[in-house]
Structure formats: structure tokens, C-alpha cells
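What follows is a set of notes on a single structure, which appears directly below.
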Amino acid sequence: MAGWFSENGLLLGLALLDGLSYAALVFMVAVGLNLVFGVLRIVNVAHGSLFAIGAYTAASLGLFLSARGLPPAAGYAVLLLAAVLVGGVLGPVIERGVLRRVYGQEDVLQLLVTFALFMILEDVQKLIWGVQPLFHDAPMKFLGTVDVPFGEDVIPFTAYQIFVVPGVAVATLAGLAWFLRRTLTGRVIVAVTTDKEAATAMGIDAAKVTLLTFTFGAALAALGGALASPTTSLVPGVGAQTIVLSFAVVAIAGLGQIEGAALSALMIGMGRSIAVYFEPELEVVVPYLIMVAVLLVRPQGLFGVVETRRV
Amino acid sequence: MLELDGVSVDIAGVPVLRAVHLHVPPGGRVALIGRNGAGKTTTLRALMGLLPARQGRVTIDGREATALPAHHRPRLGVGYAPEDRRLFGSFAVRDNLLLPAQVLKLPAAETARRLEAVFGLLPGLRDLAPRRAAGLSGGQGKMVALGRALMVGTRAVLLDEPFQGLAPALAQRYAEALKRLHHALPEVSILITESNPGLLRPLVEQSFVIERGEISRA
Ligand SMILES: Nc1ncnc2c1ncn2[C@@H]1O[C@H](COP(=O)(O)OP(=O)(O)OP(=O)(O)O)[C@@H](O)[C@H]1O
Ligand SMILES: [Mg+2]
């Protein structure tokens, strides 16, 4: 064991740091997916596309603006702007235009519709950005690297991935928990999630809440994508990978669990990252292995409560 | 105050209410009696706008409300305590009570006044206020559901089988609360559903009977 560690310790450290930033990104997507499912009762397969489009929009916008002399420090505002744009435009268009037509319909139909939406958004994305990799890492380079102490060694790692990405995820977690528990709008969202009809009978406009929640969830996914964009070169297929991982996160955490989603995102992020460094051929299956192992023991998810849903 | 005039309601394409007439006068206490599956809940949901009327007219407080969206109806002063309580389990009891008033954007002073009035009518609720609704017993939950309905039900409250599943002592307490409510706020109409015809006799002035989706005067 000690021998293994002295040989592979640095690699493990790198894997954990990588995993942390990856977990933060997956969390941003999963938490929105969870929120949206709670209110709409629709599993939105196209949620990952919003991550991808958020990433592409942020990279394009960043390239465009920095070519016109935008100072690098303002690049972070661009990431946020991209998320707001994508969520604010695509959110209402998708909810009003497509999803609203299938509320309360059969699960299979809903799944087919959101899958179709996913395919359409993938094509739209290829139409706009093509299939060549898109790369804009200025927001990451700007902060440079920090030396992370690891045992007797230090690992130089990008400050952006250590501070900014997990920082935004933690702020999202804390902000969301506060918002849902302490504000009226948040409580209204929880009320509709718990019991839409009872909420309506209390005077809540469920259609409005649905639009708001979907737009918000879309913006969170897009923000995840925007945050990811400086760390990687964007290619078609990012959306599919993200949605699959966030499904695993939601399944592991249990529905309606925000803090639980954070923990299970960490498990998935770290697990996947360790696989990437040590057994790359396992990268794709590790998240599923974790998911299956958890669901075998606790079918309702680690933090989920067994709920009886009314129709 | 509340009126269904020849209202028919279908659920999933099946006719459940057939051209029913029901009238609850201002300040009146009315029972709707029927067996399991007769259509009691459907009648209340139709009044609340939770199910659309295929034909007929719904009137609330003299106002044509047939096409009024469900979420606007509490604004007319109608409170609803559904079957099975249906509280928001993760909220404290206090937040369950406050939610409808906050959603209606009532002034804070008015909300506080109504909360005090509800505590006055249902004294047990004051102690329960900080508790999570999910942890309440069935009887406590029914009291909270009644209190929540009263927070907006300044003109009428619709109570769906509140006595079902209550132990005799608790049923007694609930009935007393309804009597207090009528004395304290005589202007509030009360519509209660029940399957046992004898139970509500001392509490109401008038009864309707519903059978297979058809309502008749008792
Ligand atoms: N969601 C639904 N889908 C199909 N049929 C329904 C649905 N809800 C109610 N019904 C039918 O409508 C009829 C009336 O139901 P309703 O719930 O109004 O009866 P109820 O008098 O409230 O009964 P209970 O005493 O059991 O509460 C029943 O025959 C029921 O089977
Ligand atoms: Mg019923």
C-alpha cells in the first residue's frame, strides 16, 4: 500500500482535484434537473443540451468580446451573461412552446418529446458552431495556477478549477437552499413540487411557477456549461455526457435532495476522475457502477424518502 | 355564496357529476352527504376550479366564476381543506398557515391578524406552529388544514370529509371548533362533505345528498 502510494500519490491527488471541479459542474446540471423534475414531473432529457449550449455561447461570446478588447477579468461576467441569455431565452421557449403541451400525459410520450428536443438542440448546436473544437480558456489562464500541497509534494493546478468552479457550485448550493426555504417564491416552488393541486387551491399560479422553475433550471445548466467552457475544448456530444452523469447524480441522491445532490455529484465526479487517471477504459462505466451499487442498497436514493405520490 | 347550477364534470372522459345543483347561502352551513365514490370530492374540486365544468355555471359570491382559473378563487375568500389534509410536509405548521395569505399578498398586518384569529379558534395550533407538518398526527393535521383554509376563507370554507378517520374524542373537538367558528364568524359559509348521514346533523342547517354524481336536497 505504502509503495503504491509513493508511486501513484501524485496521480491520485491530480485525480481528486480534477474530480472536484468536475463534480461541481455535474452538480450545477443535476440540481436544476432535480428542481425541474419536481415541478414539471417530466424527466427532461434535453437538460444536458442547455449545458452544451451554455458552454458554446460562453466561449463564442468570450472570444468575440476579448477580440474587441474586453479585459480578461471581465471574462467571468461573460460566463454569467451566457448563462442568463441561454436560460432566459431557451427556458421559456422550451417550456411554453414544447413541454407545456405534454404535462400530465403518459411518461413515454414525455420522454419521447424531450428526447426529440435533445436531438433538435444537438443539431442546432452543430448548425451554429459546427463540429470543429471550440476553445476559449482565457478565464482559466487569467488566474494562473496554485501549488496544492499533497503529502510531501505539491501539485500545481489551475486556480480557476480549484476556486472558481467549486466556489460557484457551493454558492449555488447555499443560495438555493436559502432561496427554497426562506423566500416566498422558493416556498411556492416547494409547495407546487409537493402537491400541485393543493398549491393551486391556495392561490398559487402553477403555470407561472412552472415557467419560472424551468427557466431557472435551464440557466443553472447553462451556467454549468459556461463554467466548464474555459477548461476544455468544446466538441459535439458534451450535452449527452452531461445529462447521463446528472441522471446518475439525481438517482443516487433521491428526488428533491439538494445537499444530497452535492454529495452524490462528488461521488460521481471523483469516481469518474479516478477512473480516468488509473483505468481510463472504465471512465464510462464507473458512474453507473456507483449508481447501481447505491440503488441496490437504497432504491429511493441515498437521501431520498419513500414518498407516496398522488395522481 | 356558492352555487353550482346544472354543472357536469368529466374525469378522464367519464361523466362524474351530472348536471348538479347546489346552493350554499352566505353564512349558511351545508352538508353534502354521499357514499364512497359518489362525487363529493369532485363537487368541491369543481367549486375550486380544479376540474373544469363541461356544462353549467359556477357562481362564487354572486360572481360568475365558471371560467375563473382555480388560483384566482381563493382571492374571492374561499378556503379549501382537501381530503387527506394535503399539507406541505417540509414546512412548519406556521408556514403552512401563512402560505395562502402570503400568496394573496395580503398586508402583513392583515396576515398577522388572521393568524391570531385562527389561533383563537383552534387553540391547539399555536403550540404546533413551529413543528414540521410532516410529523403531525392525523387529527392535528386536520386542524391545521382547517386553519389553513380559514386564512383565506373569509367568505366560505369547503371541508372535504374532515371527520373521516378521526377518533371520537378528536371528532368531538373538531365539531366544537366548527361551532366556535360559526359563532365567531357567522358570515363565513361552510360546506362539509361526509359519508355518514347522521354525523353532521347538529352542525348544519341544510343537507344535500349525492349519489352516483347526482345531487338532491335531503
Ligand atoms: N382521477 C380519476 N380518474 C378516474 N376516475 C376518477 C378519478 N377521480 C375520481 N374518479 C371517479 O369519480 C367518482 C367520484 O369520485 P369522488 O372522489 O368525487 O368521490 P367521493 O364521493 O369523494 O368519494 P370518497 O368518499 O371515496 O372520497 C368515483 O367513481 C371515482 O372513481
Ligand atoms: Mg372524496
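Proteins come first, then strands; the chains are lettered A, B, ... in the order of their sequence lines, and each starts at number 1. The figures here come from the full heavy-atom set of this structure, side chains too, leaving out hydrogens, waters and symmetry mates.
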Exercise for the section: Might you work through the side-chain hydrogen bond (donor to acceptor under 3.5 Å, both in side chains) test for B:Q140 and B:S137, ending with a clear yes or no? Expected result: CA-CA 5 Å; B:Q140 292 168 329; B:S137 74; 3.3 Å; yes
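- With a threshold of 4.5 angstrom between heavy atoms, A:I204 approaches chain B through its backbone and through its side chain.
- The residue among B:L104, B:L158, B:D95, B:V152 with the most heavy atom pairs within less than 4.5 Å of chain A is B:D95.
- Ranking A:A206, A:A207, A:A199 against chain B, the residue ahead of the rest is A:A199, based on heavy-atom pairs under 4.5 Å.
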Practice task
For side-chain contact (heavy atoms from CB on, under 4.5 Å), just list the numbers for B:T42 and B:I11, CA-CA rounded to whole Å, side-chain angles, deciding distance to a tenth of an Å, and then say yes or no.
Solution key: CA-CA 9 Å; B:T42 306; B:I11 299 181; 3.9 Å; yes
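- Because its NZ or CZ atom is not both nearer than 6.0 Å to the ring centre of B:F88 and within 45° of the ring axis, A:R187 does not count as a cation-pi partner of that residue.
- Sorted by first and then second residue, the side chain to side chain donor-acceptor pair (under 3.5 Å) pairs with a member in residues 102-113 of chain A read A:E95-A:Y103; sequence neighbours excluded.
- Heavy-atom distances place no part of B:R73 under 4.5 Å from chain A, backbone and side chain included.
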